[in-house]
Visitor: 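Take this structure first; my questions come after.
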Amino acid sequence: MEGNIPNEFVDEVRTRFDVVELISEYVQLKRSGRNYFGLCPFHGEKTPSFSVSQDKQIFHCFGCGEGGNVFSFLMKMEGIPFPEAVKELARRAGMQLPSTVSSVAAQRAEQKKSRLREAMAWADKYYRYWLQHQDGAKALHYLEKRGLTREIIESFGLGFAPNRWEAVKQFLRKKDFTERELLDAGLLSDNPKKTYDRFRNRITFPICSPRGETIAFGGRILDDGEPKYLNSPETPLFDKGKNLYAIHLAREAIRREKQAIIFEGYMDVIAAHQAGVTNAVASLGTSLTEAQARLLRSQAEEVVIVYDADAAGQAATWRGLQILKSAGCLVKVGRLPAGMDPDDYIRRHGGDAFRKDIIGEALLLVDYQMASLAQQYSLDKDEDRIRLFNKISEILASVDNAMEREDYVTKAASMLKLPATAVREELNKKKQSASRPHSQTRKSSTIKPSLQRETASQKAPMQIIALWGRFPSLIEESAGQLEEEDFPAELIPAFLEAQKEKASFSAARLLDSLQEEKHRQTLSRLLIHEEYDEKIAKKAIDDCIRLLKCVRIARQRKELEAQMASLDPVAAKGEINELSKKWLELRKLEETINHPREGGKGVG
């Protein structure tokens, strides 16, 4: 196996995890028939096409084609190679890695991550301790003055970094961590002369992975100073564009309510959770990213974005809306009174009022965009009115649903004081203009798939392997009729694995044998279908085997033809006759194999 991981260990790790339970940590799944369905975390979609089979322990998305088992899912979600996915699941299961599991370099990389996780856990405890210490009294008073209870402070793990240059550094050095490790963890900063604590005189906010492990910190300055908020840099543990603040605390509520609320700031989230609005998370000091949007969409059916009411907050809202829409989210915008942020509103009016008046009255994406544009332009000025008309037309042209678009045409006509026919005419112009440059591209794209369509003989090896994964009992009888040359090079490992394992061969295990992502996707699509029973599968395999035998024979006949063509007709007459006999024997064998038989059908 890749990374020198023994097959037995990979199998044991796989059996420790149920694919539905693992994927449910990232995607909201609903049962439908024998399988579970949800919104694919790997591409934007509004209708669930992501299918998970508990029986086969595999997943497949009919929208983008992604598919695989627990390992391939984690590989794709976390952006890690196969050995790392095995090790990560083994770590979660508390399993001891075998000594031969990886190269020295890979072992060092994993050991480094493990050390960084340990350092972050100690730093978390250290900061929490200082918040309750005499030196942290001012920080604790600040939090309580902001209305936070001791319970919510503990729940979110808030802490305090003392106003010292080497406090956390000295503490963790005594725990045998090196300065290099503390720099890599983002706990220290450095200059040409020395290293020193990154967070000083700051209230600390642990940033956790979806599993609740501390992977970074945010820090708010306690007194005057800049920057007001400081985050950990990106590290081997922390990619700020792929994480959301408090996702580990909000995930269950998000799934239960089928709605996620996203804020800008840590305090907004904490205040919301304390007020009972527990489906709230925050972006991490940057504009919302595509990865964060996909993470939200995989957990919720609806995302409500509630950013500050100031100009910067509204600009961030506008950017976030585009990203959430592109990710396939049903997007709404909660609007706050001028001059207020979510924390202010919740502390003043409470969680119930926030739910009712802000979330309950949240505007759909297009309504918000139209309302925002109306505030930016004056209808009394012809130039502004024309610009507003053009911008609103562009927005409405992107609305796919005809009924929804017609409703907005009516609203836009009323806002602009124009006949609805004028708005429709402008929309039609924009849609025609948008489609014209791409007409040739679309024509080409409709032709391309047919040119690239696989032949039956190209499909057959994958179809056989897929059916073996579904029905391992058929391997014993059919594998002996096939040879390595019947399979493309990338499928030979799976063929050999099936021959070796036979009865223990499984769909989930089979996917580990395939290195090419395109083959895993094709295989997961074939495996996820439920239309085959063992009798039909046997007939389908027989058909595929007959086809591959004929392909093999045709190849052998061509080789004989090439040999005969290279010989002198007079000098090598006897040799040519022998080759001709072999050619005829192959031809008869091909006719026998191709003799019509009842039943049988291909797959896919």
Side-chain angles (χ1 to χ4, degrees), residues 127 131 139 142-149 152-153 155-161 199 202-208 214-232 238 240-250 253-254 260-289 292-293 295-296 303-321 323-324 333-351 354-355 358-359 362:
Y127 293 140
L131 184 63
Y142 169 84
L143 293 173
E144 291 175 339
K145 188 178 178 182
R146 293 287 297 264
L148 301 189
T149 65
I152 204 72
I153 290 172
S155 176
F156 276 81
L158 305 188
F160 175 65
F199 300 102
R202 290 180 181 272
I203 295 169
T204 57
F205 300 80
I207 299 168
C208 298
T214 300
I215 55 177
F217 290 97
R220 188 200 187 282
I221 196 74
L222 193 56
D223 300 313
D224 294 335
E226 292 295 334
K228 182 178 179 181
Y229 279 95
L230 177 68
N231 283 338
S232 293
F238 176 54
K240 62 184 177 182
K242 292 182 178 179
N243 289 277
L244 290 164
Y245 180 66
I247 186 65
H248 65 300
L249 297 174
I254 289 172
I261 301 170
I262 182 163
F263 297 121
E264 282 184 286
Y266 303 134
M267 291 299 296
D268 297 330
V269 174
I270 298 171
H273 277 249
Q274 182 170 286
V277 185
T278 56
N279 57 331
V281 296
S283 48
L284 292 165
T286 61
S287 298
L288 196 68
T289 67
Q292 290 170 331
L295 178 57
L296 286 169
V303 178
V304 183
I305 186 168
V306 187
Y307 283 178
D308 295 355
D310 59 19
Q314 293 308 296
T317 298
W318 193 273
R319 292 192 300 271
L321 287 171
I323 291 171
L324 289 166
V333 182
R335 297 183 298 172
L336 294 163
M340 297 191 78
D341 60 30
D343 178 30
D344 294 331
Y345 188 94
I346 291 169
R347 281 193 290 137
R348 184 175 300 180
H349 300 289
F354 180 81
R355 281 194 180 280
I358 305 301
I359 303 303

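In what follows, residues are counted from 1 in the order of the sequence shown.
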Visitor: For Pro342, does its backbone N or O pair with a side-chain atom of Glu264 as donor and acceptor, under 3.5 Å?
Guide: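 Between the backbone of Pro342 and the side chain of Glu264 there is no qualifying donor-acceptor contact (under 3.5 Å).
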
Visitor: Which heavy atom of Ala250 sits nearest a heavy atom of Val281, and at what distance?
Guide: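 Residues Ala250 and Val281, closest heavy atoms: CB-CG1, 3.7 Å.
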
Visitor: If the condition is salt bridge (Lys or Arg N to Asp or Glu O under 4.0 Å), which residues does Arg335 pass it with, not counting sequence neighbours?
Guide: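 Result, salt bridge (Lys or Arg N to Asp or Glu O under 4.0 Å) vs Arg335: none returned.
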
Visitor: Would Leu249 and Thr278 count as a side chain to side chain contact (heavy atoms under 4.5 Å, CB included) here? Give the steps.
Guide: CA-CA 8 Å; Leu249 297 174; Thr278 56; over 6 Å; no

Visitor: Could you check whether any side-chain heavy atom of Leu336 comes within less than 4.5 Å of a side-chain heavy atom of Val306, counting everything from C-beta outward?
Guide: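 Leu336 reaches Val306 side chain to side chain.
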
Visitor: Just by distance, do the side chain of Arg355 and the backbone of Gly350 share a donor-acceptor pair under 3.5 Å?
Guide: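 A pair under 3.5 Å: no.
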
Visitor: So, the side chain of Glu144 versus the backbone of Thr149: is there a donor-acceptor pair under 3.5 Å, distance only?
Guide: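 Answer holds: no.
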
Visitor: State, yes or no, whether a side-chain contact exists between Ile262 and Leu244 at a heavy-atom distance under 4.5 Å.
Guide: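 Contact flag for Ile262/Leu244 side chains = yes.
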
Visitor: Is there a side chain to side chain contact (heavy atoms under 4.5 Å, CB included) between Ile270 and Asp268? Walk through the geometry before answering.
Guide: CA-CA 6 Å; Ile270 298 171; Asp268 297 330; over 6 Å; no

Visitor: Would you please name every residue forming a ring-ring contact (aromatic ring centres under 6.0 Å, His included) with Phe156, sequence neighbours left out?
Guide: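 For Phe156 the ring-ring contact (aromatic ring centres under 6.0 Å, His included) partners, ignoring immediate neighbours, are His273.
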
Visitor: Find the distance between CG (Asp344) and CE (Met267) and round it off to the nearest 0.5 Å.
Guide: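 Reported to 0.5 Å precision, the distance equals 10.0 Å.
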
Visitor: Count the heavy atoms of every other residue, nucleotide or ligand shown that sit under 6.0 Å from CZ of Arg146, and state whether that count exceeds 12.
Guide: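 Buried by this count: over 12 neighbours within 6.0 Å.
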
Visitor: If you define the side chain from C-beta out and look only at heavy atoms, does anything of Gln274 sit under 4.5 Å from Ile346?
Guide: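 No, too far: nothing below the 4.5 Å cut-off.
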
Visitor: Under 3.5 Å, is there a donor on one side chain and an acceptor on the other for Tyr266 and Asn231?
Guide: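 On atom types as modelled, these side chains qualify, holding a pair under 3.5 Å.
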
Visitor: How close do Leu131 and Ala139 get, counting heavy atoms only, and between which atoms?
Guide: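 For Leu131 and Ala139, the tightest heavy-atom pair comes out as CD1-CB, 3.8 Å.
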
Visitor: I'd like to know if the side chain of Ser232 and the backbone of Phe217 have a donor-acceptor N/O pair within less than 3.5 Å.
Guide: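 The answer is yes, because a donor-acceptor pair under 3.5 Å joins these two groups.
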
Visitor: Looking only at heavy atoms, which two atoms of Arg347 and Lys145 are closest? And how far apart?
Guide: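 The pair with the smallest heavy-atom distance is NH1-O, 4.4 Å.
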
Visitor: So, using ring-ring contact (aromatic ring centres under 6.0 Å, His included) as the criterion, who are the partners of Phe160 when residues are at least two apart?
Guide: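 For Phe160 there are no ring-ring contact (aromatic ring centres under 6.0 Å, His included) partners, ignoring immediate neighbours.
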
